[in-house]
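Please read the structure below before turning to the comments.
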Amino acid sequence: MNEELIALEATVEWIKYQNEENGYTVCEVSDAEENEIIVVGELPYLSIGENVTLYGKWTHHAVYGRQFKAEYYEKNLPVTENDILRYLSSGTIKGIGPKTARKIVDMYGTDTFDVLENHPDWLIQISGITPKKANSIHEDFCEKAGARETLMFCREFLSPSTSMRIYKKWGRGSVERIKQDPYRLCGEFNGIGFRHADQIAMSLGVKNDADIRIESGIRYALGVFAQRDGHTYVNEDKLIEAVSALLEVPTEKVADVLSGSVAKVRTVFYRGEKHVYLKSYYEAEEYIARKLSVIDRMSPAIDRGDAEQIIDQIETMDNIKYAPLQRKAIHEALLHGVMILTGGPGTGKTTVIKALIRIFDHMGFDYALAAPTGRAAKRISESTSHEAKTIHRLLEMEYSDEAESRFARCESNLLDESIVIVDEASMIDTLLMESLLRAIKPGARLIVIGDACQLPSVSAGNVLEDLILSERFSTVRLTEIFRQAQESGIVMNAHAINQGRHPDLTAKHPDFFFITKENEREIPAYLCSLYRDRLPKTYGADTVNRIQVICPSKKGEAGTEHLNLVLQSYLNPPTPMKNEHKSRERTFREGDRVMQIRNNYMMEWESDRGETGMGVYNGDIGTIEEIDNNEEYVAVRFDGRRAIYDFSELEELEHAYAITVHKSQGSEYPFLIIPLGHNCPPMLMTRNLIYTAITRGERMVILLGSKDVFFRMVENDRHVCRNTGLIHFLKNGEDV
């Protein structure tokens with residue numbers, strides 16, 4: 001408990017506002033001296049007439065003046081007949097209004113609460129209360145009591161809104177569940193990490209070397225390796241050492257517990273080593289290999305002669321001549337159930353997609369176009385003039401109150417389309433690929449397209465590269481750079497980088513520039529002048545809205561954290577005309593460019609056309625349209641959709657004047673600036689990272705910084721190794 005918090009005993013007189021989702025409340029209370037006080041804070045299940053002890057601080061609101069901001073509260077059930085009557089008359093308990101409250105209190109006096117909780121059958125002695133109504137009153141009273149118990153138990157560990165989420169999911173047994181296994185909290189509730197659950201466990205007396213703690217530590221460590229390093233499995237010895245260091249317990253004890261953990265962990269042998277998976281990743285890789293084999297085997301092949309004839313017809317009808325490798329890719333897509341197409345920028349991947357769409361339309365086949373991100377799907381739609389969906393939307397994402405996602409399209413509700421074309425496949429992680437495959441019907445065809453030289457998916461797995469390296473499926477790699485692309489400095493230099501060659505930075509290209517700033521401290525000021533003055537002056541005032549800065553690193557003078565502060569102050573400085581709000585260490589201001597940094601399937605939005613929907617996703621970039629400090633919300637516009645964020649949800653937003661290369665995957669930007677400073681961590685100074693960055697540019701790429709850093713990145717062909725078993729599953733079935 002925070003000793004600096006003030007305790008305020010009061011009675012709730014009036015509730016002005018209460019958010020049922022997070023418990024945020026604005027109410028009026030009266031203290032012992034009958035002073036009327038405005039209270040704000042996360043105060044779930046608060047009701048008129050309740051006696052409470054509020055813990056918080058006095059604050060001053062610009063409009064409403066002096067307020068008490070409560071961090072949490074304790075409910076003090078009324079003890080006198082008058083207080084009990086007032087509490088029940090407020091409508092807190094469903095089925096009890098003022099008249100019924102008077103009858104109950106007149107009959108049972110100060111024993112009323114005991115009757116409601118333990119003897120509901122006694123209530124039928126009161127006129128107007130049937131057995132059914134008595135039971136309903138009992139259930140609602142107990143629910144409120146259970147919520148109160150959960151809030152009180154969790155108050156020193158968790159926020160009231162988090163406690164409310166726990167109670168909504170687990171109900172009246174919440175406290176008992178936490179006591180039995182506090183580590184379930186980090187497994188079942190977003191925002192409760194392992195370390196937080198571990199602190200709760202320690203306070204409840206769980207021993208340092210308890211099996212339950214070590215089992216949770218093993219799962220947590222496997223999750224960290226997956227999220228941080230992209231591994232779907234970890235070598236057993238490395239895992240044991242990591243868990244031992246994390247929990248400060250002997251390696252022998254970890255090994256003993258690991259050998260008995262079979263519920264959520266799967267250990268497999270391969271080439272004399274033990275590999276430890278979270279079961280979800282093991283089952284996903286095994287399923288991906290099995291389902292791809294089924295698709296490839298069962299999809300009806302088109303006769304080779306017919307395929308050639310169809311391609312000839314399309315060439316004649318569209319007055320086009322496909323290059324040999326493009327023609328081969330089209331041909332292979334018609335012959336095989338699974339076909340993989342890869343290649344760099346300017347090699348004609350989009351031309352192949354358009355050709356296949358043309359052929360499938362001509363043959364009357366149903367097909368679906370999809371990509372991992374909204375921006376990637378939008379690009380495909382624009383380039384092909386056919387609707388493309390995110391994979392999540394294609395699979396009809398659904399969600400629970402805890403944002404636990406599930407897809408409506410699955411093995412019991414298969415996709416209707418007989419052909420699925422997926423672009424930007426380098427971004428597809430293991431679990432998403434599993435979900436996609438579970439929804440594809442037997443006999444359908446899958447065409448996987450992507451640039452294998454780009455960075456792998458943010459989440460665990462290396463699906464596209466594993467599929468190619470397995471050599472199990474027909475794969476075509478486009479290598480010819482077409483004449484129009486040869487005129488692009490972006491395309492030609494990207495290919496030079498991919499081949500490990502230093503681009504000629506003295507060559508004059510209208511779309512590719514290198515501005516040397518060896519002193520990293522000079523980068524921010526020059527970048528600001530490019531952003532606000534030089535580019536808009538040359539290419540038009542609206543250019544400023546089409547510029548994106550992407551950085552290899554978050555740190556340093558040329559990293560996203562520093563540049564976002566600098567660019568915000570330069571492009572969107574504070575003014576009395578713009579509201580702002582500080583959340584954590586960030587100050588959000590109306591007009592700021594921001595990015596959603598995690599999938600939020602429950603976020604509601606309204607389009608410019610009045611349509612409504614749900615879901616804002618990791619990587620979506622928008623602009624803060626409005627900040628209301630009275631109602632405590634921020635409105636953000638994402639490509640024609642307006643979403644409202646409660647102040648408590650702002651941890652999901654970051655400034656996006658500058659973003660990392662990883663966050664830019666699947667997107668293209670008309671004007672791209674890439675700052676390169678000496679403080680970039682060595683692990684990020686790689687060829688595929690700078691290659692991925694440059695290929696995000698659409699009209700112009702400007703590299704700003706150190707040539708030495710740039711050339712070192714080009715020369716560094718080190719790929720971070722990801723432990724995945726998909727290749728072995730594909731080659732050997734379950735014998736891994």
Side-chain angles (χ1 to χ4, degrees), residues 344-345 372-376 378-379 424 426-427 451 453-458 489-491 493-494 497-498 503 511-515 517 520 523-524 526-528 530-532 535 543-568 570-571 592-597 618-623 653-681 683-706 709-710 713-714:
T373 67
R375 284 180 170 268
K378 184 178 179 181
R379 284 199 303 107
E424 294 288 356
S426 63
M427 301 173 62
D451 186 346
C453 295
Q454 291 187 16
L455 293 171
S457 57
V458 174
I490 297 173
V491 171
N493 286 324
I497 290 168
N498 198 32
D511 63 345
F512 189 93
F513 302 90
F514 196 105
I515 300 172
K517 295 290 177 186
E520 188 170 330
I523 292 176
Y526 196 91
L527 189 151
C528 287
L530 275 174
Y531 205 130
R532 193 181 72 174
L535 289 174
T543 301
V544 71
N545 297 317
R546 296 184 291 158
I547 298 171
Q548 183 61 58
V549 178
I550 67 173
C551 310
S553 173
K554 293 182 178 181
K555 305 299 182 181
E557 297 277 333
T560 57
E561 292 178 354
H562 179 67
L563 289 179
N564 270 316
L565 292 173
V566 172
L567 286 166
Q568 182 196 35
Y570 199 77
L571 299 168
D592 275 344
R593 181 185 293 185
V594 292
M595 172 183 279
Q596 175 78 13
I597 61 171
N618 186 9
D620 285 355
I621 292 179
T623 303
L653 292 177
E654 287 182 354
H655 287 102
Y657 297 103
I659 64 176
T660 62
V661 178
H662 286 86
K663 289 290 187 182
S664 74
Q665 284 181 267
S667 301
E668 284 187 353
Y669 308 97
F671 295 86
L672 185 64
I673 304 175
I674 306 172
L676 299 172
H678 285 282
N679 287 321
C680 181
M683 65 179 295
L684 296 174
M685 294 178 63
T686 63
R687 182 185 302 170
N688 67 339
L689 189 139
I690 192 64
Y691 170 78
T692 302
I694 288 173
T695 55
R696 301 307 89 207
E698 189 176 23
R699 179 176 173 182
M700 178 180 293
V701 171
I702 300 173
L703 292 106
L704 174 63
S706 166
V709 169
F710 175 61
M713 294 180 79
V714 173

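Computation of the quantities below employed the complete heavy-atom set of this structure, encompassing side-chain atoms and omitting hydrogens, waters and symmetry-equivalent molecules.
A distance of 11.5 Å separates CD in Q596 from CD1 in I621, rounded to the nearest 0.5 Å. Here the OG-CG distance, from S553 to L676, works out to 11.0 Å after rounding to the nearest 0.5 Å.
A salt bridge links R379 to E424: one of the charged nitrogens lies within less than 4.0 Å of a carboxylate oxygen.
For the pair I673/L530, a side-chain contact is recorded, criterion being any heavy-atom separation below 4.5 Å from C-beta on. Within the 4.5 Å cutoff, the side chain of T692 has heavy atoms near those of the Q665 side chain. Annotation: side chain of F512 is in contact with side chain of I694 (closest heavy-atom distance under 4.5 Å). Within the 4.5 Å cutoff, no side-chain heavy atoms of Y691 are placed close to those of M713.
Aromatic ring centres of Y531 and Y570 lie farther apart than the 6.0 Å criterion allows.
Partner of I550 under the side chain to side chain contact (heavy atoms under 4.5 Å, CB included) criterion, chosen from T660, V701, I674: I674.
The two atoms that bring L653 and V594 nearest to each other are CD2-CG2, 4.3 Å, heavy atoms only. The two residues G677 and A558 have their closest heavy-atom pair at N-CB, 3.9 Å.
Looking at residues two or more places apart in sequence or on another chain, you find no ring-ring contact (aromatic ring centres under 6.0 Å, His included) involving Y669.
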